[in-house]
Amino acid sequence: MIAPEKEIQGRLFDRRLAGRLLRYVKPYTTAVIVAVIGLLIMAVITAYLPVLLKTAVDEYVIAEDTALSMEERFAGITRVALFFLGLSALAFLLRYGESYLMAWVGEHIIYDIRADLFAKILRLPLRIMDRTPVGRLMTRVTSDVDAMQKMVTDGLVALAADCFALFAIMAFMIYLS
C-alpha cells in the first residue's frame with residue numbers, strides 16, 4: 001500500500017528503505033568497486049599535483065644550488081611539467097571513466113526499480129486505482145525514481161570523491177610538514 005504523504009515527509013532517513021534500495025546495487029557491486037578504486041587513485045593524483053609544483057619551484061625556479069645552468073633548469077621544469085600534464089590527463093580519464101561507469105550503474109538500477117514498480121502496480125487491486133489519482137502514481141514512478149537515480153549517481157559518488165580527496169590532501173599536507 002502507498003504510504004501517506006505526511007509519513008514520507010516526516011522521515012529523513014529510513015534504514016529499512018535504504019536496505020531495500022541497496023539490493024538493487026548488489027548486481028552491480030563490481031562496477032561500483034571499480035569506480036571507487038578509480039576515485040581513490042584520482043584523489044591521490046589530484047592531491048599530488050601541488051607537490052609537483054612545489055618541486056618545480058623549489059628545485060628549478062628558485063634553486064639554492066647555483067650550479068644548475070639555465071638549460072638544466074629549463075629541462076627540469078619541462079620534465080616536471082610533462083609529468084604534471086600526464087598525471088592531470090590520467091586524473092581526467094579516471095574521472096571520466098568513473099562518471100561514465102556510475103551513470104551506467106545508475107541507469108541500470110533505475111531500470112530495475114521501474115520494472116519492479118511497474119510489476120507491483122499491475123498486481124495492485126483495481127480499487128486502489130480508483131482511490132489514487134493517476135498523477136500521483138505517475139509522479140511516484142517517474143519523479144521519485146529519477147530523484148533516487150540522481151542520489152545514487154551524483155550524490156553518493158560526489159560525497160565519496162570529496163571524502164577521498166580530503167583524506168588525500170590531508171595525507172600530503174602531513175607528508176610535506
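Because only heavy atoms are used, hydrogens play no part in the values below, and waters and symmetry mates are left out as well, while side chains stay in. By convention here, the first residue in the shown sequence is residue 1.
Legend: residues meeting side-chain contact (heavy atoms from CB on, under 4.5 Å) with Asp162, ordered by chain and number and at least two apart, are absent. Residues that satisfy the salt bridge (charged side-chain N to carboxylate O under 4.0 Å, His left out) test with Arg95, not counting sequence neighbours, are Glu98. Scored by the side-chain contact (heavy atoms from CB on, under 4.5 Å) test, Arg23 finds Asp116 as partners (sequence neighbours excluded).
Residues Leu93 and Leu82 do not share a hydrophobic cluster, defined by chaining ILVMFWY side chains whose heavy atoms lie under 4.5 Å apart. Hydrophobic cluster membership differs between Phe74 and Ile62, with clusters built from Ile, Leu, Val, Met, Phe, Trp and Tyr side chains linked at under 4.5 angstrom. Both Phe83 and Val51 belong to a single network of hydrophobic side chains, linked directly or stepwise wherever heavy atoms of I, L, V, M, F, W or Y lie under 4.5 Å apart. Taken together through direct or relayed side-chain contacts under 4.5 Å among Ile, Leu, Val, Met, Phe, Trp and Tyr, Leu90 and Phe172 form part of one hydrophobic cluster. By the criterion of side-chain heavy atoms lying less than 4.5 angstrom apart, applied directly or through intervening Ile, Leu, Val, Met, Phe, Trp or Tyr residues, Ile109 is not grouped with Tyr111; the two fall into different hydrophobic clusters.
In this structure, Glu107 contributes its side chain and Trp104 its backbone to no donor-acceptor pair below 3.5 Å.
Taking CG of Leu94 as the reference point, atom CG of Leu40 lies at 10.5 Å (rounded to 0.5 Å). With rounding to the nearest 0.5 angstrom, the OH atom of Tyr60 is 8.5 Å from the CD1 atom of Ile77. For the atom pair Leu39 CG and Phe164 CZ, the distance stands at 6.5 Å (nearest 0.5 Å). Note that CD1 of Ile33 and CG of Leu101 are 11.5 Å apart. Values are rounded to the nearest 0.5 Å. Atom-to-atom distance recorded for Glu59:CD and Glu72:CD is 13.0 Å, nearest 0.5 angstrom.
Closest heavy-atom contact between Leu87 and Ile45: O-CG2, 3.4 Å. When all heavy atoms are compared, the tightest approach of Ala35 to Met102 is CB-SD, 3.7 Å. For Phe84 against Leu52, the heavy-atom pair with the smallest separation is CA-CD1, 3.8 Å.
Pairs passing the side-chain hydrogen bond (donor to acceptor under 3.5 Å, both in side chains) check and including a residue from residues 33-57, sequence neighbours excluded, read Lys54-Asp58.
Members clustered with Leu85: none, using a 4.5 Å side-chain heavy-atom cutoff among hydrophobic residues. Applying the 4.5 Å side-chain rule to ILVMFWY residues, one finds Met173 in the same cluster as Ile169.
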